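All figures in this text were calculated on a predicted structure; none of them were measured in a lab.
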Protein chains: 2
Amino acid sequence: MHADQPVRNGRAKRLPREVRERQIMDAAVDVFSRLGFHAASMDEISEVAGISKPMLYAYLGSKEELFATCIRRESNRMIEAIATGVEADQPPDVQLWSGLRAFFGFVGENRASWQVLHRQASSQGGPFAAELADMRGRAIALVATLLVHSADSQDVPRAGDKEAESLAAALVGAGESLADWWLDNPAEPAGVVAARLMNLVWMGFGDLVAGNVWHPPSRRS
Amino acid sequence: MHADQPVRNGRAKRLPREVRERQIMDAAVDVFSRLGFHAASMDEISEVAGISKPMLYAYLGSKEELFATCIRRESNRMIEAIATGVEADQPPDVQLWSGLRAFFGFVGENRASWQVLHRQASSQGGPFAAELADMRGRAIALVATLLVHSADSQDVPRAGDKEAESLAAALVGAGESLADWWLDNPAEPAGVVAARLMNLVWMGFGDLVAGNVWHPPSRRS
DNA sequence: CGGTAAGACTACTGGCGAGTAGGTTAGGCG
DNA sequence: CGCCTAACCTACTCGCCAGTAGTCTTACCG
């Protein structure tokens with residue numbers, strides 16, 4: 001799980017600033033994800049990063065700045081992973097399906113990132129919540145747009161934007177929480193978990209208990 | 001929101017232990033919910049409670065014990081509120097609907113409790129997470145049972161228990177996250193938010209975008 | 001109208017962790 | 001080869017906060 005920074009015994013090899021900053025950020029994400037913002041100490045982060053504390057301050061500023069930087073970096077990585085996985089010219093259900101797969105794929109391969117983003121950042125108040133709300137807002141807006149278009153393509157009177165937005169919030173929330181659950185019950189592959197959520201939100205319990213399931217249009221079965 | 005403990009100027013009136021403990025717990029929930037576990041100080045809690053710090057320690061033990069006690073008390077209150085709202089002899093969708101209404105009703109009237117339970121407790125590791133996992137587990141089990149019965153009552157080959165459990169987890173998660181969203185967007189009454197989630201999980205987006213909605217059997221329209 | 005124990009307080013310690021002052025090496029460039 | 005600067009370090013300060021020692025006070029019981 002942790003990249004093993006060979007335990008510091010003496011002075012660290014000299015490195016260009018850019019490389020060190022990456023090392024430090026990686027260490028910070030690791031430590032923050034394991035201990036949480038408050039319990040994480042700058043001493044421990046510097047140790048994991050393989051350098052001394054003043055370097056930390058010289059490069060990334062205060063503890064709060066460091067944390068905010070982590071959040072920004074990880075949330076960008078995640079948004080990008082999802083955006084890459086979705087093709088805009090597909091029908092709504094397929095877009096949703098691709099998005100979910102990309103999301104669970106990312107979480108599965110970046111558990112530390114997810115811990116920092118979801119569990120830690122959202123429980124500290126202050127500027128961090130804003131950072132997070134931003135990412136979350138982008139995701140919600142994306143889903144809401146999907147829903148509105150999807151309703152437009154049918155001959156149905158469109159529900160209010162507000163309604164679409166809160167449904168989108170529920171879906172995003174369901175995804176977040178299912179991801180948390182998955183981390184505690186990691187027996188199954190990402191695709192299976194994604195498929196479950198897809199069925200839940202697209203078909204609903206009403207259909208599921210009646211035996212109707214959703215499946216990707218290209219497959220049969 | 002805060003019960004106004006008239007600002008301590010002198011010595012507090014003498015009170016029986018039981019009453020003081022309640023006051024202290026109320027204060028603790030309030031402070032923990034506003035500041036989080038780490039940022040909350042025992043000094044502040046004692047001040048809000050209207051007593052001095054040694055009393056806090058005399059009655060509720062260490063900070064961690066106090067926090068754990070808060071979680072237990074609030075989670076019991078919540079489980080009870082939901083259990084009271086659901087009647088076991090109703091059809092599955094009605095049971096689900098009652099449960100959701102009770103849940104959002106509770107959150108709306110006990111925002112501090114919810115903050116402590118969901119946001120704070122889940123982000124501290126250690127014994128707290130276990131406490132929480134217990135409550136969450138009870139909720140998930142309840143929903144899972146509902147789903148399984150509901151499938152049984154149709155003529156459908158039952159899906160695996162594992163599948164039902166993860167769907168239940170997704171639903172519980174959706175509820176939690178929608179509750180969070182609601183706290184940040186408190187414009188609407190609890191019933192409306194509950195109805196949204198009910199529609200999402202029972203009908204699914206697939207039906208919703210086609211204009212089909214779920215409504216309680218007793219009403220029309 | 002004492003005596004006493006539970007209720008309450010003031011005022012401290014001890015440790016941890018954020019942030020810093022000031023000194024030490026190593027690589028690069030003339 | 002020497003010097004200069006960026007990278008790096010050791011070793012502190014200082015404030016905050018969990019937890020405690022020791023004292024006072026008031027309600028109640030006889």
Side-chain angles (χ1 to χ4, degrees), chain A residues 5-28 30-32 34-70 120 124-128, chain B residues 5-28 30-32 34-70 120 124-128:
Chain A
Q5 313 304 46
V7 186
R8 274 169 60 55
N9 32 11
R11 177 170 280 247
K13 184 103 188 279
R14 206 158 160 166
L15 286 178
R17 179 174 187 135
E18 200 183 334
V19 176
R20 265 287 130 83
E21 278 187 358
R22 269 197 50 153
Q23 283 186 5
I24 295 176
M25 294 285 293
D26 291 344
D30 177 48
V31 173
F32 281 135
R34 281 186 290 115
L35 303 180
F37 176 71
H38 271 284
S41 74
M42 295 298 263
D43 285 284
E44 174 146 6
I45 293 174
S46 68
E47 191 180 343
V48 171
I51 55 156
S52 67
K53 203 157 45 138
M55 292 304 300
L56 206 50
Y57 282 90
Y59 282 174
L60 277 312
S62 73
K63 189 183 184 184
E64 297 206 343
E65 288 177 79
L66 173 59
F67 189 56
T69 307
C70 287
Q120 295 313 321
Q124 318 304 118
F128 311 136
Chain B
Q5 313 304 49
V7 186
R8 274 172 58 55
N9 31 11
R11 175 170 280 246
K13 185 97 187 284
R14 205 159 160 171
L15 285 179
R17 181 174 185 134
E18 201 182 333
V19 177
R20 267 287 130 81
E21 278 187 356
R22 270 198 49 155
Q23 284 186 3
I24 296 176
M25 295 283 294
D26 291 344
D30 176 49
V31 174
F32 280 135
R34 281 186 291 113
L35 304 180
F37 176 72
H38 271 283
S41 75
M42 294 299 261
D43 285 284
E44 173 145 7
I45 293 174
S46 67
E47 191 179 344
V48 171
I51 54 154
S52 66
K53 201 156 47 138
M55 292 304 300
L56 206 50
Y57 282 90
Y59 283 172
L60 278 311
S62 73
K63 189 183 184 183
E64 296 206 342
E65 288 177 78
L66 173 60
F67 189 56
T69 307
C70 286
Q120 296 312 320
Q124 316 305 118
F128 310 136

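- Listed by chain and number, the residues in a side-chain contact (heavy atoms from CB on, under 4.5 Å) with B:Ala39 are A:His38, B:Leu35 (sequence neighbours excluded).
- One atom, NZ of A:Lys53, and another, P of C:dA21, lie 13 Å apart when rounded to the nearest Å.
- Under the salt bridge (charged side-chain N to carboxylate O under 4.0 Å, His left out) criterion, A:Glu21 pairs with A:Arg17, not counting sequence neighbours.
- Contacts between residues 56-67 of chain A and DNA chain D, counted as heavy-atom distances below 4.0 Å, involve A:Tyr59.
- For A:Lys13 and B:Phe37, each mapped to the nucleotide of DNA chain D holding its nearest heavy atom, the one lying further toward the 5' end belongs to A:Lys13.
- Here the closest heavy-atom approach between residue B:Val31 and residue B:Ala40 is recorded as CG1-CB, 3.7 Å.
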Between A:Met25 and A:Leu60, does the side-chain contact (heavy atoms from CB on, under 4.5 Å) criterion hold? Intermediate values first, please. CA-CA 9 Å; A:Met25 294 285 293; A:Leu60 277 312; 4.2 Å; yes
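- The CE-P distance, from B:Met42 to C:dG15, rounds to 19 Å in whole Å.
- The interatomic distance linking B:Leu15 (CG) with D:dT25 (C1') rounds to 15 Å, in whole Å.
- Judged by distance alone with a 3.5 Å cut-off, no donor-acceptor contact links the side chain of A:Arg17 to the base of D:dA7.
- Between A:Arg14 and C:dG28, a side-chain N or O to OP1/OP2 separation shorter than 4.0 Å is absent.
- The shortest non-hydrogen separation linking A:Ser52 to A:Ser46 is C-CB, 3.9 Å.
- Nucleic acid contact for B:Ala40: sugar-phosphate only, since backbone atoms but no base atoms lie under 4.0 Å from a heavy atom of the residue.
- Between A:Asp43 atom CG and C:dG15 atom P there is a gap of 17 Å when expressed in whole angstrom units.
- Between A:Leu35 atom CG and C:dA18 atom P there is a gap of 11 Å when expressed in whole angstrom units.
- A donor-acceptor pair under 3.5 Å links the side-chain atoms of A:Glu65 to the main chain of A:Ser62, judged by distance alone.
- Across the protein-nucleic acid pair, A:Ile51 atom CD1 and D:dA7 atom P stand 12 Å apart, rounded to whole Å.
- For B:His38 and D:dC16, the NE2 to P distance is 18 Å, given to the nearest whole Å.
- Ring geometry for A:Phe37 versus A:Phe67: interplanar angle of 30 to 60°, hence tilted.
- Distance CE (A:Met55) to P (C:dG19): 17 Å, rounded to an integer number of Å.
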